[in-house]
Amino acid sequence: MIIALKPGVSKEEIAKLIADLEVLGVKVDSSQGASQVVLGLVGDTTVINDDALRANRFVDRVIRVQEPYKRANRLFHPLDTVLEFQSNGKSAKIGGGNFAVIAGPCSVESREQLVSIAADVKKSGAAFLRGGAFKPRTSPYSFQGMGCEGIDLLVEAKKATGLPIVTEVMEISQIKLFDEVDIIQVGARNMQNFNLLKELGRIKKPILLKRGMASTMTELLMAAEYVMAGGNSQIVLCERGIRGFDNFTRNILDIAIIPALKKKTHLPVIVDPSHATGLSWMVPTMSKAAIAAGADGIIVEVHNDPEHALCDGEQSLTPELFDNLMNTLRKYAALEEKVI
């Protein structure tokens, strides 16, 4: 249930209304909209008398929410959620009309590799550095990442470049290793790892939540709801392609879900054209499509030697191609000039 209050209601009056509602056994979250405060009620709202609420002199509207996701719902939080970080000595934002570019290798392979790529993507204008320390792989014989050492190298690259870092967590026991990581990524395979999502809801750190490879929009938003129910509302949703019957591309990039998500939720939505296509030559086109569809950013794989990459070389751009991509995207998105 959503309760929109009239403009000008005092903090004391809001607090009293919330207290009265919580006595009935529901949890109440408050959100400041453009001109009014919105209350979101979670729990058994059948005990709430709609008519009595509408008669309250402080209440403007009462809306019964049909969707199962409450906190992620734009009805509860009309304004876009915007996450802000310090990048290159400047403020980098995701959401609210800010287009963010996250770039880096699929996996951290060595200090030399990561430092080189980090410097290159920073020079081209990326605002965030990505890199996998722990890698979920279909085959148990494939490179599984450098683990804790990979996180240490990402932190080194962060200190050297000033770029906030994004890397993937695999299980609850690893969370304690991510203190210096700026955004914790939850991969497609873990989107419905509900115990992990609950634990991530208890920490105050941004979460990049990737859509599962066969998940619906509602399932993605409910996964976000798990995190938000724990108290962490700093979430970025990522469309990374879904499974289809045609295997020409690695996955099928669902461009249509971007405007749908923007309509249904206040959370930022970004696109991963690298995993969606699996082909580096398609990344620039799909990046432009993401902008046209209203995405809040992209996450792109960049490798300085794709032919010898230990993971996903075929879908990785070289630094030169990434620089070309950034120059192209500046024609379509509000990106700052690259830092030289």
Side-chain angles (χ1 to χ4, degrees), residues 69 72 102 104-109 130-148 150-151 154 165-178 181 183-203 205-230 232 235-247 249-254 257 261 267 269-279 286 298-301 309-316:
Y69 46 91
I102 305 169
C106 174
S107 62
V108 179
E109 299 172 6
R130 63 146 295 153
F134 300 95
K135 293 301 301 179
R137 305 301 298 277
T138 301
S139 170
Y141 309 113
S142 299
F143 177 61
Q144 304 289 314
M146 296 181 68
C148 298
I151 291 183
L154 282 165
I165 52 177
V166 182
T167 193
E168 181 173 349
V169 68
M170 297 281 291
E171 57 186 68
I172 292 174
S173 64
Q174 296 171 349
I175 294 176
K176 60 181 179 292
L177 304 173
F178 284 65
V181 173
I183 303 178
I184 299 178
Q185 176 179 309
V186 175
R189 292 173 177 84
N190 268 323
M191 190 205 83
Q192 290 185 310
N193 183 340
F194 299 124
N195 288 333
L196 176 61
L197 297 179
K198 288 178 182 177
E199 201 64 33
L200 292 173
R202 298 187 178 100
I203 65 175
K205 190 179 287 289
I207 307 299
L208 194 161
L209 181 62
K210 286 197 165 187
R211 182 186 183 186
M213 58 189 71
S215 298
T216 65
M217 181 179 72
T218 296
E219 287 169 338
L220 173 59
L221 289 171
M222 288 305 292
E225 195 80 7
Y226 263 92
V227 179
M228 299 181 79
N232 185 357
I235 301 171
V236 178
L237 303 175
C238 181
E239 162 58 26
R240 44 80 69 201
I242 53 177
R243 283 273 174 86
F245 58 84
D246 191 337
N247 62 0
T249 55
R250 180 172 180 175
N251 294 290
I252 298 173
L253 179 57
D254 186 3
I257 201 175
L261 283 169
L267 299 174
V269 181
I270 68 170
V271 169
D272 181 346
S274 301
H275 277 90
T277 65
L279 299 166
M286 293 300 97
I298 55 173
I299 178 168
V300 179
E301 291 188 0
L310 298 180
C311 178
D312 291 346
E314 189 177 6
Q315 66 193 36
S316 298

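Note that the numbering runs from 1 along the sequence shown for the chain. All of these numbers come straight from a predicted model, not from anything done at the bench.
E239 places none of its side-chain heavy atoms less than 4.5 Å from the side chain of L261. Contact of the M191 side chain with the L220 side chain is registered, since non-hydrogen atoms from C-beta on lie closer than 4.5 Å. Looking at V271 and M286, their side chains never come closer than 4.5 Å, going by heavy atoms from C-beta outward. Between E171 and L196 the shortest side-chain heavy-atom distance does not fall below 4.5 Å. Side-chain contact between V169 and I175: present, with at least one pair of heavy atoms (C-beta onward) separated by less than 4.5 Å. Residues L208 and I270 have side chains in contact (heavy-atom distance under 4.5 Å, counting atoms from C-beta outward). Counting heavy atoms from C-beta outward, F134 and T167 have side chains that stay 4.5 Å or more apart. With contacts defined as side-chain heavy-atom distances shorter than 4.5 Å, the pair I299/C238 qualifies.
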Derivation of the side chain to side chain contact (heavy atoms under 4.5 Å, CB included) call for E301 and R130: CA-CA 8 Å; E301 291 188 0; R130 63 146 295 153; 3.8 Å; yes

Stepwise side chain to side chain contact (heavy atoms under 4.5 Å, CB included) test for L197 and N190: CA-CA 9 Å; L197 297 179; N190 268 323; over 6 Å; no

Test log, rule side chain to side chain contact (heavy atoms under 4.5 Å, CB included), inputs I172 and N193: CA-CA 10 Å; I172 292 174; N193 183 340; 5.9 Å; no

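Annotation: the span from F178 atom CZ to E168 atom CD amounts to 8.0 Å, rounded to 0.5 Å. Rounding to the nearest 0.5 Å gives a distance of 9.5 Å between OG of S274 and CZ of R250. Expressed to the nearest 0.5 Å, how far CE of M228 lies from CE of M222 amounts to 12.0 Å. The CD1 atom of I165 sits 5.0 Å away from the CG atom of L154 when rounded to the nearest 0.5 Å. Put simply, CG on L279 and OG1 on T277 are 5.5 Å apart, with the number rounded to the nearest 0.5 Å.
Of all heavy-atom pairs spanning L237 and L221, the tightest one is CD1-CD2, 3.8 Å. N232 and I235 get closest at one heavy-atom pair: O-CD1, 3.8 Å. The nearest pair of heavy atoms linking V108 to G131 is CG2-C, 4.1 Å. For the pair S215 and I242, the tightest heavy-atom approach, listed with the atom from each and the gap, is O-CG2, 4.4 Å. In terms of heavy-atom proximity, A133 sits nearest to G150 at CB-C, 3.9 Å. Of all the heavy atoms in L267 and A72, the pair that sits closest is CD1-CB, 4.2 Å.
The environment of E314 atom CD is sparse: at most 12 non-hydrogen atoms of other residues, nucleotides or ligands sit within 6.0 angstrom.
Here the side chain of K205 pairs no donor or acceptor atom with the backbone of I184 at under 3.5 angstrom. Between the side chain of R189 and the main chain of G212, no donor-acceptor pair closer than 3.5 Å is present. A donor-acceptor pair under 3.5 Å is formed between the side chain of E219 and the backbone N or O of T216.
Under the salt bridge (charged side-chain N to carboxylate O under 4.0 Å, His left out) criterion, R243 pairs with no residue at all, not counting sequence neighbours.
Of the candidates K210, R240, R211, D272 forms a salt bridge (charged side-chain N to carboxylate O under 4.0 Å, His left out) with just one, namely K210. With H275 as the partner, the side-chain contact (heavy atoms from CB on, under 4.5 Å) test is satisfied by one option alone out of D312, V300, L253: D312.
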